[in-house]
2 protein chains.
Amino acid sequence: MEFGRNTGSPLWRQIRDDIAGQIRSGQVAPGERLPTEFSFAEQYSVNRHTVRQAIADLVEMNLVRVEQGRGTFAREPMLDYPLSDSTRFSDIALAKNCCPAGILLDHGDEQADRRIADALTVPLGAPVIRVELAGEVDGHRVFVSTAYFPQDRCQGIVSHFQQSGSVTKALAAVGIVEYKRKTTRVQARLPTPTDARVLKQERYRPVLVTESINVDAEGSPVEFGITRFASDWIAITVET
Amino acid sequence: MEFGRNTGSPLWRQIRDDIAGQIRSGQVAPGERLPTEFSFAEQYSVNRHTVRQAIADLVEMNLVRVEQGRGTFAREPMLDYPLSDSTRFSDIALAKNCCPAGILLDHGDEQADRRIADALTVPLGAPVIRVELAGEVDGHRVFVSTAYFPQDRCQGIVSHFQQSGSVTKALAAVGIVEYKRKTTRVQARLPTPTDARVLKQERYRPVLVTESINVDAEGSPVEFGITRFASDWIAITVET
DNA sequence: ACCGATTTGTTCGTATGTATA
DNA sequence: ATATACATACGAACAAATCGG
């Protein structure tokens, strides 16, 4: 099947397969920027719309990612977030040797609603500390997380987090040196407008949501976390 | 805070909270149809658009589900799919005592592509059996699944499935009496048009995707399955 | 803080061939 | 054979985001 008009298959599909071949063969490295739509159009002697149709299909196939005003990029492989009883955010990085960063977005004192009280096994209305966190890998926002800590055991945890940048270290600083993931629920949703903005992703790209309860060595809950992962970047893996 | 105009909070939010209260208190049972938008509008003496804004927020809060042309329904609680090494589809049902059904949609012989070959540890191009399956609970489509079996070990598995309606029994019939889930990857995506149709869900509602490898007692792969769950109905739970 | 250049996103319109009822 | 719908392809214009100076 040679390239051109009237060859039986539509132009946009031929263009799609040509670009796909360049990516799969490694001629274009993951993360690298592809030529502009306009220059593709010149190269193949077609309209920009035709190139756009090809690219739209490559997005669907998850081979490229498009950013308005910036360009079209070959997709980096997705990051695996291994869901074991002791995974920390930094573990994502270890597997890919890239730099993770946790960013404190907001925090405050609240009273436990039904859901939080159930998860932390504290009375309804008990004081809890809320911490909003974002995570980046290689400059990409990959998750935003809301964590609740029982106030009686975690006094001052926010300032410890600000110093160390790590939930694990902050918990250790308030005397909880060992904690484990007990249960996790995984759901898929569309992001709230706020989450979409914080994750810098479009409103209609789904998020992977985990609700997890972390317990200390005695088995009593010390953290209830709701994490929204950018589904374009993160897959959760479970070994059983 | 009493109901009415000029009370400080917008009408649609008051209406939203009123309806939310009726659902949470159980005055409206899960799955039950709510009054029409028009009758809500009459009841609260507001425009239908005001009611629609309240309902849109209730959808966002996951308290109701809207079906075009049918009405607005109080959300049934989501089904938990526990992800252990030996969960079968029928386990969803046991927890909720409702009736599950597996439906064979399609099947065929294929040659393993890169991904399937890697998962099943067979050579590239080796013959595999593809089985497309849908799952229903209480008359709702909750998942659609594509499973690949190595042909040499699973000859005739399709007809066994047709007789028993169970993957477990079909595998047993070809001599694989024990198998375990080894690894699972969980992702969130938007459904393909086909999946959206089969799941009877809108194009922009996400699906939870699991890719799992099942191995026999000796640890060699006997099934590679890609399951797309309707994210409105199913959450995955992991105990660690 | 602003401007202009670059690049993708969206929406009009037009035309043609093909499959379908 | 006719009408209708759909996919393909092109053209022009403008909106929106990004980036460098």
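It should be emphasised that the depicted structure is a prediction, and the values quoted were computed from it without experimental measurement. In the text below, chain A, chain B and the rest are named by the order of the sequence lines, each starting its count at 1.
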Check ion pair A:Arg65-A:Asp232 (N to O, under 4.0 angstrom): no

A:His160 (side chain) donor-acceptor with A:Gly156 (main chain) under 3.5 angstrom: yes

Side chain to side chain, B:Ile19 and B:Tyr44, heavy atoms closer than 4.5 Å: yes

Heavy-atom protein contacts under 4.0 Å, nucleotides 4-10 of chain D, coded B base, S sugar-phosphate only, - none: ----SSB

Pair B:Asp118 + B:Arg114, salt bridge at N-O below 4.0 Å: yes

Side-chain ion pair, A:Asp109 and A:Arg130, N-O less than 4.0 Å: no

Donor on one side chain, acceptor on other, B:Glu132 and B:Ser145, under 3.5 Å: no

Step-by-step ring-ring contact (aromatic ring centres under 6.0 Å, His included) determination, B:Phe224 to B:Phe149: CA-CA 7 Å; B:Phe224 174 50; B:Phe149 303 92; over 10 Å; no

Length of the line joining A:Leu34:CG and C:dT7:P, which is rounded to integer Å: 13 Å

d(CZ, A:Arg52; P, D:dA15) in whole Å: 16 Å

Nucleotide C:dT10, atom P - distance to CD1 of A:Ile55 in whole Å: 14 Å

Qualifying residue for side chain to side chain contact (heavy atoms under 4.5 Å, CB included) with B:Leu133, from B:Val167, B:Thr227, B:Thr146, B:Ile103: B:Val167

Proximity to DNA chain D (any heavy atom under 4.0 Å), residues of residues 61-74 of chain A only: A:Gln68, A:Gly69, A:Arg70

